[in-house]
Amino acid sequence: MSSEVIVAGGGPVGLLTAALLDAAGVRVEVLESKAGQSEHSKAAAMHPRTLEILTVLRTDDGRRLSDVLVSLGRPEPATHFAALPDLFDYSGLDTPYPFLLVIPQATTERVLADHLRRRGVPVRHGHEVTGFTQDDDGVRVTVNGGVREARYLVGADGARSVVRREAGIDFPGTPPTTVGFVADVTLADPPDRVRHFWDHRRGQASIIPFPDGWCRVFGTTVEDTGLTPEQVRTRQSQALTVEEVRAALRRVTGTDHGLREVRWLSKAGDTTRQAARYRSNRVFLAGDAAHVHFPAGGQGMNIGMQDAANLAWKLAAEIQGRAPSMIVDGPAGYERERAPIAARLAANTLAQGALFTTFTPAGAALRDLMSGLIAKGGDTADDLAAWLSGLGHSYPPAVPGHPWEGRRAPDLALADGSVHRRLAVDRFLLADFTPDAAFGHLRPHGAEVVRAQPWSGLSAALIRPDGYIARAWTAPDAAGVSAALEAWTTRA
């Protein structure tokens, strides 16, 4: 087998999965059915947690991919929930990236693809996966009428995933009731910042200026809500026109803002589905292949890329014979940890969909109520901001212990650098917070010991390759640390 893993799908989720596996020393290739890299951008925003994940990947000149993307995008200190007037302020979040990064998905894909090319990882465009078979030895993937073999297959091939279908994995959920418009355009009179418009008599529209001078416009008119699934399918089968976008902007915002050029037109629905399983023996699902939803706030791409971060280190460990059952099919397994995140994503976007498209006086009152709660701050606003940013995502502890276990590790200061910039896909970090370096004598297999400034009353924390805390201790316990490392890094 030339590759240990085949990734079906060359979008941001597939490309990041490949990049992380490559960083762990796994031979991987990407198969994408499209003839070339897409110039269109379904997503237009990257949240703080996704940028943190990308910090683990370095360019040839030592820069982190997160920093490359920040240099190409536009940081926004605040973001919205369902286009409500009051915004979440990201500027005070405990992260190196306290902002929403406005960046077209096509730019993100280009940066990841360039990274893989420099690394010598094949990204094969025009290679359509049409099926596969698998057994105890590997997977045989049918591509362009031929067969390619690997030990594992990752389906990151989108909402209509061939990999999911061929694996026989159900994709249950709720049918669509709404059709929205999406377009990338140039405007003679663009706003200088993100603008949202909502009127219960007309509809909703948003304008997001991109760093390259183009703008993303999207929205929904009143007539395109409350539809049957058959009506949605009929409307989606009819190509969106420039004049329809102009008319929608004029109706909702009062002007078409001097709409000139168009480089992409599309329609979006609110279908919400989640795969019944994320793994079928040697086959995995990630991103839109595993979950689809109302496109609110660019969450789909971000959650999908976070799927990739969770999957890659575990799959690398499995391939390299160092994965305990706990991360293969146990309490810290890929599906066990990521499926609940997708379920919450579905609930979150369904709620936003209702706030976006309930074009009635009652809907307006609900929006005012929710916006007021966000403006007031407190637990509701904090919880929503933590969810949208990704910084509040956590996993149930594999072994109940300290309250920090299962939570994201902050970017703690180390004697040399910081936690996020010392993470690696193929090893754990053991952060030693003791003033006398009580754990400095340890040379643990599968982990690097680093000195850290005192934090949260802990003596030590075992941090996973994806930046979440596996175990935490409040007192020096070398035996406990050794046992935890063995439990997380040694195949039973």
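Only heavy atoms go into these numbers, but all of them, side chains included; no hydrogens, no water, no symmetry mates. Since the structure is predicted, the reported quantities are computational estimates derived from the model, not experimental observations.
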Ignoring hydrogens and geometry beyond distance, is a side-chain donor-acceptor pair present between [X] and [Y] at under 3.5 Å?
X      : Y      : value
Tyr152 : Glu318 : yes
Asp368 : Ser371 : no
Tyr395 : Asp466 : no
His393 : Tyr468 : no
Thr95  : Asp411 : no
Asp184 : Trp214 : no
Trp264 : Glu39  : no
Gln204 : Ser206 : yes
Asp224 : Thr220 : no
Asp307 : His291 : yes
Asn310 : Gln306 : no

Report yes if some heavy atom in the side chain of [X] is under 4.5 Å from a heavy atom in the side chain of [Y]; otherwise report no.
X      : Y      : answer
Val245 : Leu240 : yes
Pro397 : Trp404 : no
Arg49  : Asn302 : no
Leu384 : Trp387 : no
Val242 : Val185 : no
Leu315 : Val154 : yes
Ile53  : Met305 : no
Asp22  : Val26  : no

State the [atom1]-[atom2] distance between [X] and [Y], to the nearest 0.5 angstrom.
X      : Y      : atom1 : atom2 : value
Arg251 : Asp199 : CZ    : CG    : 9.0 Å
His196 : Arg193 : NE2   : CZ    : 9.0 Å
Ser38  : Glu109 : OG    : CD    : 6.0 Å
Ser280 : Glu166 : OG    : CD    : 11.5 Å
Arg407 : His402 : CZ    : NE2   : 9.0 Å
His115 : Leu54  : NE2   : CG    : 9.5 Å

Next on the checklist: Assess the residue pair Thr255 and Asp189 against the criterion (side-chain hydrogen bond (donor to acceptor under 3.5 Å, both in side chains)); give the C-alpha distance rounded to whole Å, side-chain angles, the decisive distance to 0.1 Å, and a yes or no.
Outcome noted: CA-CA 10 Å; Thr255 174; Asp189 183 26; 5.8 Å; no
At their closest point, which heavy atom of [X] faces which heavy atom of [Y], and how far apart are they?
X      : Y      : answer
Ser66  : Thr55  : OG-OG1, 3.0 Å
Ala44  : Arg216 : CB-NH1, 4.0 Å
Arg74  : Phe210 : NH1-C, 3.8 Å
Ala381 : Leu373 : CB-O, 4.2 Å
Ala8   : Val129 : CB-CG2, 4.0 Å

Tell me if a side-chain donor or acceptor on [X] pairs with a main-chain N or O of [Y] at a distance below 3.5 Å.
X      : Y      : result
Gln105 : Ala43  : yes
Thr186 : Glu261 : yes
Thr253 : Arg250 : no
Lys267 : Ala239 : no

Can you establish whether the number of heavy atoms outside [X] located under 6.0 Å from its atom [atom1] is more than 12?
X      : atom1 : answer
Arg263 : CZ    : yes
Glu223 : CD    : yes
Lys42  : NZ    : no

Next on the checklist: Quick one, Glu29 with Arg124, criterion salt bridge (Lys or Arg N to Asp or Glu O under 4.0 Å). Give me CA distance, side-chain angles, the key distance, then yes/no.
Outcome noted: CA-CA 8 Å; Glu29 64 179 315; Arg124 308 185 194 280; 2.6 Å; yes
Checklist entry - Arg282: what forms a salt bridge (Lys or Arg N to Asp or Glu O under 4.0 Å) with it, not counting sequence neighbours? => result none
Next on the checklist: What verdict does the side chain to side chain contact (heavy atoms under 4.5 Å, CB included) test give for Leu112 and Leu65, after you've listed the backbone C-alpha separation in whole Å, the side-chain angles of each residue and the deciding distance to 0.1 Å?
Outcome noted: CA-CA 8 Å; Leu112 286 166; Leu65 287 199; 3.8 Å; yes
Is the distance between the ring centroids of [X] and [Y] less than 6.0 Å?
X      : Y      : value
Trp198 : Phe359 : yes
Tyr278 : Phe284 : no
Phe294 : Phe356 : yes

Checklist entry - Is there a side chain to side chain contact (heavy atoms under 4.5 Å, CB included) between Leu423 and Phe428 once you walk through the steps? => result CA-CA 7 Å; Leu423 291 172; Phe428 283 66; over 6 Å; no
Next on the checklist: For Val143 and Thr130: C-alpha separation, side-chain torsions, deciding distance, then whether side chain to side chain contact (heavy atoms under 4.5 Å, CB included) applies.
Outcome noted: CA-CA 6 Å; Val143 185; Thr130 55; over 6 Å; no
Next on the checklist: Check for me whether Arg164 meets the cation-pi criterion with Phe171, that is, NZ or CZ under 6.0 Å from the six-membered ring centre and within 45 degrees of the ring axis.
Outcome noted: yes
Item to check | Cation over ring face, Arg471 and Trp488, 6.0 Å, 45° | outcome: no
Checklist entry - Do the rings of Phe81 and Phe88 sit parallel, tilted or perpendicular, given the 30° and 60° boundaries? => result perpendicular
Checklist entry - Between Arg165 and Asp157, is the closest basic N to carboxylate O distance under 4.0 Å? => result no
